[in-house]
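For the numbers below, each heavy atom of this structure counts, side chains included, while hydrogens, waters and symmetry mates do not. For clarity, every value in this text was computed on a predicted model and none was experimentally measured.
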Amino acid sequence: MAVGHGDSSSSDKKPTDALNDLQTFNAENLQSNMKVIYYSRTFLSIIGGVIAGILGFNGVIGIVFYFLVMAVTSAALAAKAKFSVHSYFDSWNRILLDGFFGGLMSFVLFWTFAYDIVHIF
């Protein structure tokens, strides 16, 4: 992941200057970091869907498995950022929620596809 902050150092900040407390982000780095999140979630949704289909999960258990996969993905992305999310993103919502439901369609597609191949055919 690319660092999202500008090149200003924190040692130059004055404690009384409120404007220096605002964080600035490099738009290209922030966009690159968001792409990493979307690609990671999509890839793991596909892999999770195949695993759920092979294991024969049905109904609510499959949906719970998807939420479990997405929770592990969020934790892994936060760990990759060394839990210093504000250095790479503008909020925790970016790493926890963005793309959470975007991968659901891929998950369901590959879940039903793998389930049909293994358990029906």
Side-chain angles (χ1 to χ4, degrees):
M1 291 185 184
V3 175
H5 284 281
D7 292 328
S8 63
S9 65
S10 61
S11 63
D12 296 337
K13 291 184 180 180
K14 295 179 183 178
T16 59
D17 193 3
L19 293 177
N20 283 338
D21 290 338
L22 296 174
Q23 294 180 341
T24 58
F25 292 96
N26 184 341
E28 293 172 3
N29 290 346
L30 188 61
Q31 185 177 14
S32 174
N33 294 342
M34 292 306 301
K35 282 183 184 179
V36 168
I37 286 179
Y38 284 119
Y39 293 150
S40 299
R41 287 196 187 275
T42 302
F43 177 73
L44 288 172
S45 294
I46 291 169
I47 297 300
V50 170
I51 291 171
I54 290 172
L55 293 177
F57 292 157
N58 288 327
V60 176
I61 295 174
I63 299 299
V64 169
F65 183 73
Y66 173 74
F67 287 116
L68 179 68
V69 168
M70 288 298 104
V72 169
T73 302
S74 295
L77 289 169
K80 174 74 174 166
K82 298 177 185 165
F83 298 100
S84 177
V85 174
H86 291 292
S87 296
Y88 300 98
F89 303 100
D90 54 352
S91 71
W92 273 94
N93 288 339
R94 296 278 188 196
I95 204 164
L96 295 176
L97 300 176
D98 277 1
F100 195 83
F101 290 107
L104 185 59
M105 294 297 181
S106 298
F107 177 82
V108 170
L109 174 69
F110 282 90
W111 177 22
T112 55
F113 182 67
Y115 184 87
D116 288 347
I117 287 176
V118 172
H119 298 283
I120 293 177
F121 296 122

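- When every heavy atom of Ile95 is checked against every heavy atom of Arg41, the shortest pair comes out as O-NH2, 2.7 Å.
- Interatomic distance, Ser74 OG to Trp92 CH2, rounded to the nearest 0.5 Å: 10.0 Å.
- Asn29 CG to Ser87 OG: the interatomic distance, rounded to the nearest 0.5 Å, is 12.0 Å.
- Pairing each heavy atom of Gly49 with each of Ala114, the nearest pair is O-CB, 4.4 Å.
- Leu96 and Leu30 fall within the same hydrophobic cluster, where Ile, Leu, Val, Met, Phe, Trp and Tyr residues are linked whenever their side-chain heavy atoms come under 4.5 Å apart, directly or through other members.
- Classification of the Phe107-Phe65 ring pair by plane angle, with boundaries at 30° and 60°, yields tilted.
- Interatomic distance, Leu68 CG to Ile61 CD1, rounded to the nearest 0.5 Å: 12.5 Å.
- When hydrophobic clusters are built by joining Ile, Leu, Val, Met, Phe, Trp and Tyr residues whose side-chain heavy atoms come closer than 4.5 Å, directly or via intermediates, Ile54 is grouped together with Leu109.
- Taking 4.5 Å as the limit, some side-chain heavy atom of Phe67 sits within range of a side-chain heavy atom of Phe100.
- Grouping the Ile, Leu, Val, Met, Phe, Trp and Tyr side chains by contacts below 4.5 angstrom, directly or via other members, places Ile47 apart from Val36.
- Of all heavy-atom pairs between Leu44 and Val69, the closest is O-CG1, 3.8 Å.
- The aromatic rings of Phe113 and Phe110 sit perpendicular, their planes meeting at an angle over 60°, well past the 30° parallel limit.
- Taking both residues in full, the closest heavy atoms of Leu55 and His119 are given as C-NE2, 4.2 Å, listed atom of the first, atom of the second, then distance.
- With values rounded to the nearest 0.5 angstrom, Met70 atom CE is found 9.0 Å from Leu104 atom CG.
- The CG atom of Asp116 sits 11.5 Å away from atom CH2 of Trp111, with the distance rounded to the nearest 0.5 Å.
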As a quick check of understanding, evaluate ring pair (Phe, Tyr, Trp, His ring centres under 6.0 Å) for Phe57 and Tyr115, giving each step before the final call. CA-CA 8 Å; Phe57 292 157; Tyr115 184 87; 9.9 Å; no
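- Here the CG-OH distance, from Leu77 to Tyr88, works out to 12.5 Å after rounding to the nearest 0.5 Å.
- Looking at Phe89 and Ile37, their side chains come closer than 4.5 Å, going by heavy atoms from C-beta outward.
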